[in-house]
Amino acid sequence: MSDNLKRAAADRAAELVTDGMRLGLGTGSTAAHFVSAIGERVRAGLKVVGVPTSEATREQAQREGIPLSTLDETPDLDLTVDGADEIDDDLRLIKGGGGALLREKIVASASQRMIVIADGSKLVSKLGRFPLPIEVVPFGLTATERAIVRLLDSLGMSGELILRHAPDGAAYVTDGGHFILDAHLGRIDKPNVLASTLNNIPGVVEHGLFLGLATGAILATGDGLVELGQL
Ligand SMILES: O=C(CO)[C@H](O)[C@H](O)COP(=O)(O)O
């Protein structure tokens with residue numbers, strides 16, 4: 001998707017922001033356009049406070065001059081705007097392609113509304129073609145990996161689990177100091193069952209299924225913006 005379309009979706013989301021809002025600031029190339037749009041409005045006088053979902057977003061928001069807070073100081077947020085790797089018609093998401101899923105989920109859960117901004121090609125009829133990121137504690141990695149494989153087997157699912165690597169070849173480490181296993185599942189027929197059972201495995205910190213969190217979406221397509229849910 002061209003940067004212009006990403007920016008158009010981000011600008012539409014920025015229109016939803018009003019004075020006094022407490023904002024969750026997402027992570028990724030589309031969310032970065034939103035942070036930049038909010039930065040412009042802040043410099044023009046908008047009064048908001050932002051809670052970033054990653055160190056990368058924190059650095060960008062600081063450069064933009066957006067006043068920042070934490071969930072400890074500001075535990076209730078009005079609106080989070082974030083990207084997604086997949087979204088279905090029921091506003092269920094796969095997130096975490098950028099590795100920020102844990103903070104993204106905590107921030108989205110603390111928000112009254114979560115608006116997704118994404119490329120229209122990320123709209124799918126069934127989740128799972130995008131590998132599902134599963135954030136795990138480094139301690140006991142192989143045992144945790146085996147427990148995930150056993151769970152997938154018991155749910156009649158299969159697919160490779162691949163440890164994510166950084167460009168330098170080392171294991172990718174999240175902002176929380178964890179690893180990510182990308183589960184190449186192809187399709188996820190019962191996201192709710194998978195989500196809740198994954199969370200029961202010791203060593204699994206979080207996964208990229210965001211269910212019941214997004215309240216609306218703005219999808220950028222070649223024909224313009226498509227809005228889903230409530231904006
Ligand atoms: O979940 C994410 C980061 O953890 C991103 O929102 C997701 O990967 C989409 O990124 P982009 O807007 O660059 O396509």
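For ligands, and for the atoms within them, numbers begin at 1 and follow the listed sequence. What you see below is based on every heavy atom in this structure, not just the backbone, and it leaves out hydrogens, waters and symmetry mates.
Residues that satisfy the salt bridge (charged side-chain N to carboxylate O under 4.0 Å, His left out) test with Arg146, not counting sequence neighbours, are absent from this structure. When the salt bridge (charged side-chain N to carboxylate O under 4.0 Å, His left out) test is applied to Arg7, the partners found at least two apart in sequence or on another chain are Asp11, Glu40. Listed by chain and number, the residues in a salt bridge (charged side-chain N to carboxylate O under 4.0 Å, His left out) with Arg129 amount to none (sequence neighbours excluded).
At most 12 non-hydrogen atoms from other residues, nucleotides or ligands lie less than 6.0 angstrom from NZ of Lys190. By the 6.0 Å contact criterion, CD on Glu227 is enclosed, its count of non-hydrogen atoms from other residues, nucleotides or ligands being greater than 12.
At distances below 3.5 Å, at least one donor-acceptor pair connects side-chain atoms of Thr215 with backbone N or O atoms of Met114.
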Measure from every N or O atom of ligand 1 to the protein's N or O atoms and keep only the pairs below 3.5 Å, writing each with atom names and distance to 0.1 Å.
{"residue": "ligand 1", "atom": "1 (O)", "partner": "Lys95", "partner atom": "NZ", "Å": "2.9"}
{"residue": "ligand 1", "atom": "1 (O)", "partner": "Gly96", "partner atom": "N", "Å": "2.8"}
{"residue": "ligand 1", "atom": "1 (O)", "partner": "Glu104", "partner atom": "OE1", "Å": "3.2"}
{"residue": "ligand 1", "atom": "4 (O)", "partner": "Gly98", "partner atom": "N", "Å": "3.4"}
{"residue": "ligand 1", "atom": "4 (O)", "partner": "Gly99", "partner atom": "N", "Å": "3.4"}
{"residue": "ligand 1", "atom": "4 (O)", "partner": "Ala100", "partner atom": "N", "Å": "3.0"}
{"residue": "ligand 1", "atom": "4 (O)", "partner": "Glu104", "partner atom": "OE1", "Å": "3.0"}
{"residue": "ligand 1", "atom": "4 (O)", "partner": "Glu104", "partner atom": "OE2", "Å": "3.2"}
{"residue": "ligand 1", "atom": "6 (O)", "partner": "Thr27", "partner atom": "O", "Å": "3.0"}
{"residue": "ligand 1", "atom": "6 (O)", "partner": "Gly83", "partner atom": "O", "Å": "3.4"}
{"residue": "ligand 1", "atom": "6 (O)", "partner": "Lys95", "partner atom": "NZ", "Å": "2.9"}
{"residue": "ligand 1", "atom": "8 (O)", "partner": "Asp85", "partner atom": "OD1", "Å": "2.7"}
{"residue": "ligand 1", "atom": "8 (O)", "partner": "Asp85", "partner atom": "OD2", "Å": "3.2"}
{"residue": "ligand 1", "atom": "8 (O)", "partner": "Gly98", "partner atom": "N", "Å": "3.4"}
{"residue": "ligand 1", "atom": "12 (O)", "partner": "Thr30", "partner atom": "N", "Å": "3.0"}
{"residue": "ligand 1", "atom": "12 (O)", "partner": "Thr30", "partner atom": "OG1", "Å": "2.6"}
{"residue": "ligand 1", "atom": "13 (O)", "partner": "Ser29", "partner atom": "N", "Å": "2.8"}
{"residue": "ligand 1", "atom": "13 (O)", "partner": "Ser29", "partner atom": "OG", "Å": "2.5"}
{"residue": "ligand 1", "atom": "14 (O)", "partner": "Lys122", "partner atom": "NZ", "Å": "2.4"}

